[in-house]
Amino acid sequence: MSNSGYVPNLPNKPLWLLAELTYACPLQCAYCSNPLEFAKYKNELSTDDWKRVLREARKMGAAQLGFSGGEPLVRQDLEELIAEARQLGFYTNLITSGLGMDEKRIKAFKDAGLDHIQVSFQAASEELNNLIAGTDAFRHKLEMARLVKKYGYEMVLCFVLHRQSIDQIRDVLELCVRLDADYVELATTQYYGWAYHNREHLLPTREQLQRAEPVAHEFQERLKGKMRIFYVVPDYYEVRPKACMNGWGAVFLTIAPDGTALPCHAARQLPGMELPNVRQHSVEWIWNQSPDFNRFRGFEWMKEPCRSCPEKEKDFGGCRCQAYMLTGDAANADPVCDKSPHHHVITDAIDRAARIAAGKESAAKPILFRNPRNSRALLDVGTTKPEASLPA
Amino acid sequence: MAEAKEIKPSGKVYGADSVPQVVPGKRLQWEEAQNCWVILYPEGMIKLNSSSAEIMKRIDGTRSVAEIISDLKRAYPGVELDNDVYAFVEIAHEQQWIRPKPAQ
(Lines give C-alpha, C1' and ligand atoms only; values in the text may rest on other atoms or scores of the structure.)
Protein backbone atom coordinates (compact mmCIF):
# COMPACT_ATOMS: atom_id res chain seq x y z
CA MET A 1 0.00 0.00 0.00
CA SER A 2 1.56 3.26 -1.02
CA ASN A 3 1.59 6.78 0.25
CA SER A 4 0.30 6.04 3.72
CA GLY A 5 -0.08 9.02 5.97
CA TYR A 6 0.27 7.07 9.19
CA VAL A 7 3.12 7.76 11.54
CA PRO A 8 4.68 4.51 12.74
CA ASN A 9 4.56 5.32 16.44
CA LEU A 10 0.78 5.53 16.75
CA PRO A 11 -0.66 3.05 19.25
CA ASN A 12 -0.57 -0.46 17.96
CA LYS A 13 -3.93 -0.83 16.24
CA PRO A 14 -4.96 -2.48 13.00
CA LEU A 15 -5.61 0.89 11.35
CA TRP A 16 -5.71 -0.54 7.84
CA LEU A 17 -8.00 -3.40 6.99
CA LEU A 18 -7.58 -4.91 3.54
CA ALA A 19 -10.65 -6.97 2.70
CA GLU A 20 -9.78 -9.30 -0.16
CA LEU A 21 -13.36 -10.20 -0.96
CA THR A 22 -12.68 -12.78 -3.66
CA TYR A 23 -9.92 -14.27 -5.78
CA ALA A 24 -12.27 -14.30 -8.78
CA CYS A 25 -11.19 -11.83 -11.45
CA PRO A 26 -12.01 -11.31 -15.13
CA LEU A 27 -8.40 -10.28 -15.79
CA GLN A 28 -5.33 -12.49 -16.05
CA CYS A 29 -2.51 -10.11 -15.10
CA ALA A 30 0.87 -11.78 -15.07
CA TYR A 31 1.98 -9.33 -12.36
CA CYS A 32 -0.81 -10.18 -9.91
CA SER A 33 0.30 -10.40 -6.30
CA ASN A 34 -2.33 -12.96 -5.36
CA PRO A 35 -0.96 -16.36 -4.33
CA LEU A 36 -0.18 -18.74 -7.18
CA GLU A 37 -2.36 -21.38 -5.55
CA PHE A 38 -5.42 -19.10 -5.27
CA ALA A 39 -7.61 -21.67 -7.05
CA LYS A 40 -7.56 -23.91 -3.99
CA TYR A 41 -9.20 -21.33 -1.70
CA LYS A 42 -12.83 -21.76 -2.61
CA ASN A 43 -14.71 -21.22 0.60
CA GLU A 44 -15.36 -17.47 0.46
CA LEU A 45 -16.61 -15.66 3.55
CA SER A 46 -20.32 -14.91 3.57
CA THR A 47 -21.82 -11.44 3.77
CA ASP A 48 -22.52 -11.96 7.48
CA ASP A 49 -18.95 -13.16 8.11
CA TRP A 50 -17.61 -10.00 6.49
CA LYS A 51 -19.97 -7.79 8.48
CA ARG A 52 -18.73 -9.37 11.71
CA VAL A 53 -15.09 -8.88 10.63
CA LEU A 54 -15.81 -5.24 9.82
CA ARG A 55 -17.46 -4.66 13.20
CA GLU A 56 -14.66 -6.34 15.12
CA ALA A 57 -11.86 -4.56 13.26
CA ARG A 58 -13.59 -1.20 13.57
CA LYS A 59 -13.98 -1.72 17.31
CA MET A 60 -10.23 -2.27 17.53
CA GLY A 61 -9.54 1.04 15.83
CA ALA A 62 -9.40 0.16 12.13
CA ALA A 63 -10.24 3.33 10.20
CA GLN A 64 -9.21 2.64 6.62
CA LEU A 65 -10.82 -0.17 4.69
CA GLY A 66 -9.75 -1.37 1.26
CA PHE A 67 -12.08 -3.59 -0.73
CA SER A 68 -9.83 -5.59 -2.99
CA GLY A 69 -9.44 -9.04 -4.49
CA GLY A 70 -9.29 -10.49 -7.14
CA GLU A 71 -11.89 -8.14 -8.52
CA PRO A 72 -14.16 -6.99 -5.68
CA LEU A 73 -16.94 -6.09 -8.14
CA VAL A 74 -17.48 -9.81 -8.64
CA ARG A 75 -19.08 -9.89 -5.17
CA GLN A 76 -22.73 -8.99 -5.59
CA ASP A 77 -22.92 -8.00 -1.90
CA LEU A 78 -20.32 -5.26 -2.36
CA GLU A 79 -22.91 -2.49 -2.05
CA GLU A 80 -24.20 -4.02 1.17
CA LEU A 81 -20.70 -4.34 2.62
CA ILE A 82 -19.84 -0.75 1.69
CA ALA A 83 -23.00 0.47 3.43
CA GLU A 84 -22.20 -1.53 6.55
CA ALA A 85 -18.58 -0.32 6.59
CA ARG A 86 -19.54 3.31 6.11
CA GLN A 87 -22.16 3.11 8.83
CA LEU A 88 -19.47 1.76 11.16
CA GLY A 89 -17.29 4.80 10.38
CA PHE A 90 -14.71 3.28 8.06
CA TYR A 91 -13.14 5.33 5.31
CA THR A 92 -14.00 3.01 2.46
CA ASN A 93 -11.70 2.52 -0.56
CA LEU A 94 -12.56 0.41 -3.58
CA ILE A 95 -9.60 -0.97 -5.51
CA THR A 96 -10.90 -2.16 -8.86
CA SER A 97 -10.15 -2.72 -12.52
CA GLY A 98 -13.54 -1.22 -13.39
CA LEU A 99 -14.58 -4.41 -15.16
CA GLY A 100 -18.04 -5.29 -13.94
CA MET A 101 -18.88 -1.68 -13.15
CA ASP A 102 -21.66 0.37 -14.70
CA GLU A 103 -23.32 3.65 -13.85
CA LYS A 104 -26.03 1.96 -11.81
CA ARG A 105 -23.42 0.34 -9.62
CA ILE A 106 -21.34 3.47 -9.17
CA LYS A 107 -24.49 5.27 -8.09
CA ALA A 108 -25.29 2.46 -5.65
CA PHE A 109 -21.76 2.69 -4.22
CA LYS A 110 -22.15 6.44 -3.83
CA ASP A 111 -25.51 5.99 -2.11
CA ALA A 112 -23.96 3.37 0.17
CA GLY A 113 -21.34 5.94 1.20
CA LEU A 114 -18.24 4.74 -0.62
CA ASP A 115 -15.49 7.29 -0.03
CA HIS A 116 -12.91 6.55 -2.71
CA ILE A 117 -12.37 4.56 -5.89
CA GLN A 118 -9.05 3.61 -7.46
CA VAL A 119 -9.22 2.27 -11.00
CA SER A 120 -6.26 0.21 -12.11
CA PHE A 121 -5.13 -0.26 -15.67
CA GLN A 122 -3.13 -3.24 -16.81
CA ALA A 123 -0.81 -1.12 -18.91
CA ALA A 124 0.17 -4.10 -20.99
CA SER A 125 1.22 -2.97 -24.46
CA GLU A 126 -1.90 -4.38 -26.02
CA GLU A 127 -4.18 -2.68 -23.56
CA LEU A 128 -2.32 0.58 -23.86
CA ASN A 129 -2.44 0.47 -27.62
CA ASN A 130 -6.13 -0.18 -27.44
CA LEU A 131 -6.62 2.60 -24.96
CA ILE A 132 -4.68 5.07 -27.01
CA ALA A 133 -6.38 3.98 -30.21
CA GLY A 134 -9.74 4.23 -28.47
CA THR A 135 -11.05 0.81 -29.50
CA ASP A 136 -14.39 -0.50 -28.29
CA ALA A 137 -12.94 -2.94 -25.80
CA PHE A 138 -11.54 -0.14 -23.69
CA ARG A 139 -14.15 2.52 -24.20
CA HIS A 140 -15.98 0.96 -21.28
CA LYS A 141 -13.03 1.38 -18.99
CA LEU A 142 -12.48 4.98 -19.96
CA GLU A 143 -16.18 5.58 -19.47
CA MET A 144 -15.90 4.15 -15.96
CA ALA A 145 -13.00 6.47 -15.18
CA ARG A 146 -15.15 9.42 -16.27
CA LEU A 147 -18.21 8.21 -14.37
CA VAL A 148 -16.15 8.02 -11.19
CA LYS A 149 -15.59 11.75 -11.54
CA LYS A 150 -19.21 12.45 -12.46
CA TYR A 151 -20.28 10.96 -9.13
CA GLY A 152 -18.03 13.31 -7.21
CA TYR A 153 -15.02 11.09 -6.72
CA GLU A 154 -11.47 12.00 -7.54
CA MET A 155 -10.26 10.14 -10.59
CA VAL A 156 -7.49 7.99 -9.22
CA LEU A 157 -5.78 5.82 -11.79
CA CYS A 158 -3.16 3.20 -11.14
CA PHE A 159 -0.88 1.87 -13.85
CA VAL A 160 1.38 -1.06 -13.15
CA LEU A 161 4.65 -0.69 -14.99
CA HIS A 162 6.95 -3.52 -15.99
CA ARG A 163 9.48 -4.30 -18.68
CA GLN A 164 6.83 -4.59 -21.36
CA SER A 165 5.00 -1.37 -20.53
CA ILE A 166 7.41 1.05 -18.87
CA ASP A 167 8.68 2.44 -22.19
CA GLN A 168 5.14 3.70 -22.82
CA ILE A 169 5.11 5.88 -19.72
CA ARG A 170 4.70 9.03 -21.82
CA ASP A 171 1.64 7.58 -23.57
CA VAL A 172 0.23 6.56 -20.19
CA LEU A 173 0.64 10.06 -18.80
CA GLU A 174 -0.76 11.73 -21.92
CA LEU A 175 -3.79 9.48 -21.61
CA CYS A 176 -4.20 10.56 -17.96
CA VAL A 177 -4.05 14.20 -19.03
CA ARG A 178 -6.74 13.56 -21.64
CA LEU A 179 -8.93 11.88 -19.03
CA ASP A 180 -8.36 14.79 -16.63
CA ALA A 181 -7.23 12.43 -13.87
CA ASP A 182 -6.69 13.88 -10.41
CA TYR A 183 -4.16 11.38 -9.16
CA VAL A 184 -2.03 8.90 -11.04
CA GLU A 185 -0.01 6.16 -9.46
CA LEU A 186 2.73 4.70 -11.60
CA ALA A 187 3.65 1.64 -9.65
CA THR A 188 6.39 -0.62 -10.84
CA THR A 189 5.55 -4.28 -10.31
CA GLN A 190 6.55 -5.75 -6.98
CA TYR A 191 7.56 -9.36 -7.13
CA TYR A 192 5.07 -11.39 -5.14
CA GLY A 193 2.76 -14.20 -6.19
CA TRP A 194 2.33 -14.35 -9.97
CA ALA A 195 4.66 -11.42 -10.46
CA TYR A 196 7.45 -13.33 -8.74
CA HIS A 197 6.80 -16.36 -10.92
CA ASN A 198 6.99 -14.12 -13.99
CA ARG A 199 9.82 -11.92 -12.76
CA GLU A 200 12.18 -12.69 -15.64
CA HIS A 201 9.59 -11.26 -18.01
CA LEU A 202 8.61 -8.25 -15.91
CA LEU A 203 11.64 -6.75 -14.20
CA PRO A 204 12.57 -3.60 -16.11
CA THR A 205 16.17 -2.88 -16.97
CA ARG A 206 18.19 -0.06 -15.44
CA GLU A 207 18.20 1.73 -18.80
CA GLN A 208 14.40 1.58 -18.96
CA LEU A 209 14.14 3.16 -15.52
CA GLN A 210 16.66 5.81 -16.44
CA ARG A 211 14.49 6.70 -19.42
CA ALA A 212 11.18 6.56 -17.52
CA GLU A 213 12.03 8.55 -14.43
CA PRO A 214 12.72 11.91 -16.17
CA VAL A 215 9.41 11.53 -18.04
CA ALA A 216 7.54 11.07 -14.74
CA HIS A 217 9.29 14.12 -13.29
CA GLU A 218 8.60 16.17 -16.41
CA PHE A 219 4.85 15.53 -16.09
CA GLN A 220 4.94 16.10 -12.32
CA GLU A 221 6.44 19.51 -12.97
CA ARG A 222 4.13 20.32 -15.89
CA LEU A 223 0.95 19.35 -14.04
CA LYS A 224 1.75 20.77 -10.61
CA GLY A 225 -1.50 21.77 -8.91
CA LYS A 226 -3.63 19.90 -11.48
CA MET A 227 -2.69 16.24 -11.37
CA ARG A 228 -0.71 14.50 -8.67
CA ILE A 229 1.63 11.86 -10.02
CA PHE A 230 3.09 9.29 -7.68
CA TYR A 231 5.98 7.43 -9.24
CA VAL A 232 7.23 4.40 -7.35
CA VAL A 233 10.79 3.29 -8.04
CA PRO A 234 10.99 -0.51 -7.94
CA ASP A 235 12.67 -1.66 -4.75
CA TYR A 236 15.06 -3.95 -6.65
CA TYR A 237 16.82 -0.78 -7.79
CA GLU A 238 17.15 0.61 -4.27
CA VAL A 239 19.91 -0.10 -1.75
CA ARG A 240 17.66 0.17 1.31
CA PRO A 241 14.49 -1.87 1.70
CA LYS A 242 10.98 -0.49 1.92
CA ALA A 243 9.39 -0.21 5.38
CA CYS A 244 7.09 -3.04 4.35
CA MET A 245 3.58 -2.73 5.84
CA ASN A 246 5.03 -0.09 8.20
CA GLY A 247 6.29 -3.05 10.19
CA TRP A 248 4.82 -6.51 10.70
CA GLY A 249 1.57 -6.46 12.66
CA ALA A 250 1.92 -2.70 13.14
CA VAL A 251 -1.00 -1.21 11.19
CA PHE A 252 -2.05 -3.65 8.44
CA LEU A 253 -4.49 -6.49 8.64
CA THR A 254 -5.40 -8.45 5.53
CA ILE A 255 -8.33 -10.81 5.45
CA ALA A 256 -8.12 -13.20 2.50
CA PRO A 257 -11.27 -14.39 0.69
CA ASP A 258 -11.38 -17.62 2.73
CA GLY A 259 -11.13 -15.74 6.04
CA THR A 260 -7.42 -16.27 6.65
CA ALA A 261 -5.97 -13.30 8.54
CA LEU A 262 -2.55 -12.16 7.36
CA PRO A 263 -0.13 -9.39 8.39
CA CYS A 264 0.30 -8.72 4.67
CA HIS A 265 -1.37 -10.17 1.62
CA ALA A 266 1.75 -12.17 0.62
CA ALA A 267 2.44 -13.70 4.05
CA ARG A 268 0.53 -16.92 3.46
CA GLN A 269 3.56 -18.45 1.76
CA LEU A 270 5.89 -18.17 4.76
CA PRO A 271 6.76 -21.51 6.38
CA GLY A 272 5.59 -21.94 9.96
CA MET A 273 2.55 -19.70 9.67
CA GLU A 274 -0.49 -20.94 11.56
CA LEU A 275 -2.84 -18.90 9.37
CA PRO A 276 -5.60 -18.04 11.85
CA ASN A 277 -9.04 -17.72 10.29
CA VAL A 278 -11.78 -15.28 11.25
CA ARG A 279 -14.21 -18.20 11.15
CA GLN A 280 -12.50 -19.63 14.24
CA HIS A 281 -11.02 -16.58 15.98
CA SER A 282 -11.96 -13.03 16.84
CA VAL A 283 -10.10 -10.24 15.08
CA GLU A 284 -8.91 -9.10 18.50
CA TRP A 285 -7.31 -12.46 19.30
CA ILE A 286 -5.75 -12.64 15.87
CA TRP A 287 -4.26 -9.14 16.11
CA ASN A 288 -3.13 -9.22 19.73
CA GLN A 289 -2.52 -12.88 20.57
CA SER A 290 -1.94 -14.99 17.48
CA PRO A 291 1.59 -16.32 16.97
CA ASP A 292 1.53 -15.17 13.31
CA PHE A 293 0.93 -11.51 14.10
CA ASN A 294 3.52 -11.49 16.90
CA ARG A 295 6.14 -13.37 14.91
CA PHE A 296 8.04 -10.39 13.50
CA ARG A 297 6.79 -7.62 15.78
CA GLY A 298 9.43 -5.45 17.39
CA PHE A 299 13.12 -6.16 16.83
CA GLU A 300 13.89 -9.31 18.83
CA TRP A 301 13.50 -11.64 15.85
CA MET A 302 16.11 -9.82 13.81
CA LYS A 303 19.42 -11.26 12.75
CA GLU A 304 22.50 -9.35 11.69
CA PRO A 305 22.96 -7.04 9.85
CA CYS A 306 19.51 -5.74 10.94
CA ARG A 307 19.84 -6.32 14.68
CA SER A 308 22.60 -3.75 15.18
CA CYS A 309 21.57 -1.53 12.27
CA PRO A 310 20.83 2.12 13.13
CA GLU A 311 18.15 2.14 10.41
CA LYS A 312 16.13 -0.79 11.76
CA GLU A 313 13.44 1.46 13.23
CA LYS A 314 13.05 3.13 9.87
CA ASP A 315 12.62 0.13 7.58
CA PHE A 316 12.07 -2.78 10.02
CA GLY A 317 14.51 -4.87 7.98
CA GLY A 318 12.30 -4.60 4.89
CA CYS A 319 9.90 -7.24 3.67
CA ARG A 320 9.66 -10.64 5.39
CA CYS A 321 8.18 -12.28 2.30
CA GLN A 322 10.92 -10.96 0.04
CA ALA A 323 13.55 -12.12 2.56
CA TYR A 324 11.99 -15.58 2.51
CA MET A 325 11.53 -15.81 -1.28
CA LEU A 326 15.04 -14.61 -2.08
CA THR A 327 17.15 -15.92 0.83
CA GLY A 328 15.13 -18.84 2.19
CA ASP A 329 14.74 -17.33 5.67
CA ALA A 330 12.01 -14.81 6.53
CA ALA A 331 14.08 -13.48 9.46
CA ASN A 332 16.96 -12.41 7.22
CA ALA A 333 17.40 -8.85 6.07
CA ASP A 334 15.43 -8.04 2.92
CA PRO A 335 18.17 -8.58 0.30
CA VAL A 336 17.26 -5.27 -1.35
CA CYS A 337 19.48 -3.80 1.41
CA ASP A 338 23.07 -3.60 0.25
CA LYS A 339 24.17 -4.44 3.79
CA SER A 340 22.59 -7.88 3.32
CA PRO A 341 25.06 -10.66 2.54
CA HIS A 342 22.43 -11.84 0.01
CA HIS A 343 22.19 -8.54 -1.87
CA HIS A 344 23.79 -10.23 -4.89
CA VAL A 345 20.51 -12.10 -5.57
CA ILE A 346 18.99 -8.72 -6.41
CA THR A 347 21.86 -7.55 -8.59
CA ASP A 348 21.96 -10.97 -10.26
CA ALA A 349 18.26 -10.66 -11.12
CA ILE A 350 18.85 -7.17 -12.54
CA ASP A 351 21.81 -8.39 -14.64
CA ARG A 352 19.78 -11.32 -15.88
CA ALA A 353 16.87 -9.01 -16.80
CA ALA A 354 19.28 -6.92 -18.86
CA ARG A 355 20.60 -9.99 -20.72
CA ILE A 356 17.07 -11.28 -21.38
CA ALA A 357 15.90 -7.85 -22.56
CA ALA A 358 18.90 -7.67 -24.89
CA GLY A 359 18.06 -11.07 -26.34
CA LYS A 360 21.33 -12.58 -25.12
CA GLU A 361 19.53 -15.06 -22.86
CA SER A 362 15.99 -16.30 -22.66
CA ALA A 363 13.70 -16.63 -19.67
CA ALA A 364 13.68 -20.04 -18.01
CA LYS A 365 9.88 -20.27 -18.03
CA PRO A 366 7.24 -18.88 -20.36
CA ILE A 367 5.11 -16.08 -18.96
CA LEU A 368 2.20 -17.47 -16.99
CA PHE A 369 -1.08 -15.58 -16.91
CA ARG A 370 -3.01 -15.49 -13.68
CA ASN A 371 -6.11 -17.58 -14.12
CA PRO A 372 -7.75 -20.51 -12.30
CA ARG A 373 -6.59 -23.01 -14.91
CA ASN A 374 -2.93 -22.08 -14.49
CA SER A 375 -3.33 -21.92 -10.73
CA ARG A 376 -4.78 -25.45 -10.67
CA ALA A 377 -2.03 -26.64 -13.00
CA LEU A 378 0.61 -25.35 -10.59
CA LEU A 379 -1.16 -27.10 -7.73
CA ASP A 380 -1.45 -30.35 -9.58
CA VAL A 381 1.45 -30.48 -12.01
CA GLY A 382 0.98 -33.13 -14.66
CA THR A 383 -2.80 -33.33 -14.95
CA THR A 384 -3.36 -29.96 -16.62
CA LYS A 385 -1.02 -28.20 -18.93
CA PRO A 386 -0.38 -24.57 -17.96
CA GLU A 387 -1.87 -22.31 -20.55
CA ALA A 388 1.16 -20.21 -21.30
CA SER A 389 1.82 -17.93 -24.18
CA LEU A 390 3.78 -14.80 -24.78
CA PRO A 391 1.83 -11.58 -25.07
CA ALA A 392 1.31 -10.30 -28.58
CA MET B 1 1.94 13.67 9.46
CA ALA B 2 2.62 16.55 11.83
CA GLU B 3 -0.16 18.16 13.77
CA ALA B 4 -1.50 21.38 12.31
CA LYS B 5 0.11 23.72 14.83
CA GLU B 6 3.63 22.85 13.78
CA ILE B 7 3.12 24.11 10.23
CA LYS B 8 3.27 27.81 9.38
CA PRO B 9 1.03 29.15 6.60
CA SER B 10 2.73 30.82 3.68
CA GLY B 11 -0.18 32.49 1.90
CA LYS B 12 -3.46 34.25 2.59
CA VAL B 13 -6.54 32.85 0.90
CA TYR B 14 -9.30 33.43 3.45
CA GLY B 15 -10.89 36.69 4.56
CA ALA B 16 -13.69 37.27 7.09
CA ASP B 17 -16.39 36.57 4.48
CA SER B 18 -14.79 33.45 2.97
CA VAL B 19 -16.84 30.29 3.47
CA PRO B 20 -14.56 27.30 3.88
CA GLN B 21 -15.75 23.77 3.13
CA VAL B 22 -14.17 20.38 3.63
CA VAL B 23 -12.60 19.11 0.39
CA PRO B 24 -14.62 16.23 -1.14
CA GLY B 25 -13.01 12.91 -0.29
CA LYS B 26 -11.84 14.14 3.11
CA ARG B 27 -13.88 13.38 6.19
CA LEU B 28 -13.79 14.76 9.70
CA GLN B 29 -14.90 12.33 12.37
CA TRP B 30 -14.50 11.50 16.05
CA GLU B 31 -12.28 8.45 16.37
CA GLU B 32 -13.02 6.61 19.59
CA ALA B 33 -9.92 4.38 19.38
CA GLN B 34 -7.65 7.43 18.98
CA ASN B 35 -9.60 9.51 21.49
CA CYS B 36 -9.49 12.50 19.14
CA TRP B 37 -10.99 14.04 16.02
CA VAL B 38 -9.34 12.96 12.81
CA ILE B 39 -9.44 13.82 9.13
CA LEU B 40 -9.70 10.71 7.01
CA TYR B 41 -8.59 10.69 3.40
CA PRO B 42 -7.62 7.96 0.91
CA GLU B 43 -5.20 5.63 2.67
CA GLY B 44 -4.50 7.96 5.55
CA MET B 45 -5.56 9.74 8.70
CA ILE B 46 -4.54 13.00 10.37
CA LYS B 47 -5.05 13.33 14.10
CA LEU B 48 -6.21 16.78 15.15
CA ASN B 49 -5.41 18.52 18.41
CA SER B 50 -8.42 19.84 20.31
CA SER B 51 -8.24 23.45 19.11
CA SER B 52 -7.89 22.41 15.45
CA ALA B 53 -10.83 20.06 15.91
CA GLU B 54 -13.02 22.84 17.39
CA ILE B 55 -12.41 24.92 14.26
CA MET B 56 -12.78 22.02 11.79
CA LYS B 57 -16.11 20.98 13.35
CA ARG B 58 -17.51 24.39 12.45
CA ILE B 59 -16.37 24.29 8.82
CA ASP B 60 -19.55 23.18 7.08
CA GLY B 61 -19.68 25.09 3.80
CA THR B 62 -22.30 27.52 5.16
CA ARG B 63 -20.50 29.54 7.84
CA SER B 64 -18.01 32.27 6.99
CA VAL B 65 -14.70 32.59 8.81
CA ALA B 66 -16.16 35.53 10.77
CA GLU B 67 -19.17 33.43 11.80
CA ILE B 68 -16.90 30.56 12.85
CA ILE B 69 -14.91 32.98 15.00
CA SER B 70 -17.99 34.42 16.71
CA ASP B 71 -19.35 30.91 17.29
CA LEU B 72 -16.08 29.91 18.91
CA LYS B 73 -16.11 33.04 21.04
CA ARG B 74 -19.55 32.10 22.34
CA ALA B 75 -18.25 28.64 23.21
CA TYR B 76 -15.02 29.95 24.76
CA PRO B 77 -15.82 33.38 26.24
CA GLY B 78 -12.87 35.68 26.79
CA VAL B 79 -10.47 33.73 24.59
CA GLU B 80 -8.64 35.75 21.95
CA LEU B 81 -8.75 33.41 18.97
CA ASP B 82 -9.10 35.44 15.77
CA ASN B 83 -5.48 35.05 14.73
CA ASP B 84 -5.50 31.33 15.53
CA VAL B 85 -8.51 30.74 13.29
CA TYR B 86 -7.09 32.75 10.40
CA ALA B 87 -3.79 30.91 10.70
CA PHE B 88 -5.54 27.55 10.91
CA VAL B 89 -7.69 27.97 7.79
CA GLU B 90 -4.61 28.87 5.76
CA ILE B 91 -2.78 25.79 7.01
CA ALA B 92 -5.82 23.59 6.44
CA HIS B 93 -6.04 25.02 2.93
CA GLU B 94 -2.40 24.25 2.17
CA GLN B 95 -2.90 20.74 3.50
CA GLN B 96 -5.92 20.46 1.15
CA TRP B 97 -8.34 19.63 3.97
CA ILE B 98 -10.55 22.62 3.11
CA ARG B 99 -11.16 25.02 0.26
CA PRO B 100 -13.16 28.23 -0.06
CA LYS B 101 -16.66 27.81 -1.40
CA PRO B 102 -16.99 29.73 -4.65
CA ALA B 103 -19.08 32.90 -4.30
CA GLN B 104 -22.71 32.39 -5.44
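The two residues B:E31 and A:A63 come nearest to each other via the heavy atoms OE2-CB, 3.7 Å. In plain terms, the two heavy atoms of B:A33 and A:K13 that are nearest each other are O-CE, 3.1 Å. For A:G152 against B:P24, the heavy-atom pair with the smallest separation is O-CB, 4.5 Å.
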Worksheet item: Stepwise, does the side-chain contact (heavy atoms from CB on, under 4.5 Å) test hold for A:L15 with B:Q34?
Response: CA-CA 10 Å; A:L15 286 169; B:Q34 303 292 341; 3.3 Å; yes
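Side chain of A:Y91 to backbone of B:G25: a donor-acceptor contact under 3.5 angstrom is found. Between the side chain of B:Q29 and the backbone N or O of A:G89, at least one donor-acceptor pair lies under 3.5 Å. Formation of a donor-acceptor pair under 3.5 Å by the A:Q64 side chain with backbone atoms of B:Y41 is found in this model.
The environment of CG in A:D111 is crowded: more than 12 heavy-atom neighbours from other residues, nucleotides or ligands sit within 6.0 Å.
With chain B as partner, the option from A:R86, A:K59, A:M60 having the largest number of non-hydrogen pairs under 4.5 angstrom is A:R86.
Summarising the geometry, atom CE belonging to B:M45 is positioned 12.5 Å from atom CH2 belonging to A:W16; distances are rounded to the nearest 0.5 Å. We find the CG-CG distance between A:L65 and B:L40 to be 11.5 Å, quoted to the nearest 0.5 Å.
With sequence neighbours excluded, no residue forms a ring pair (Phe, Tyr, Trp, His ring centres under 6.0 Å) with A:W50.
Screening residues 88-99 of chain A for salt bridge (Lys or Arg N to Asp or Glu O under 4.0 Å) gives no qualifying pairs among residues at least two apart or on separate chains.
By the 4.5 Å heavy-atom criterion applied to side chains, A:E154 and B:V23 are not counted as neighbours. Counting heavy atoms from C-beta on, the side chains of B:P42 and A:D115 never come closer than 4.5 Å.
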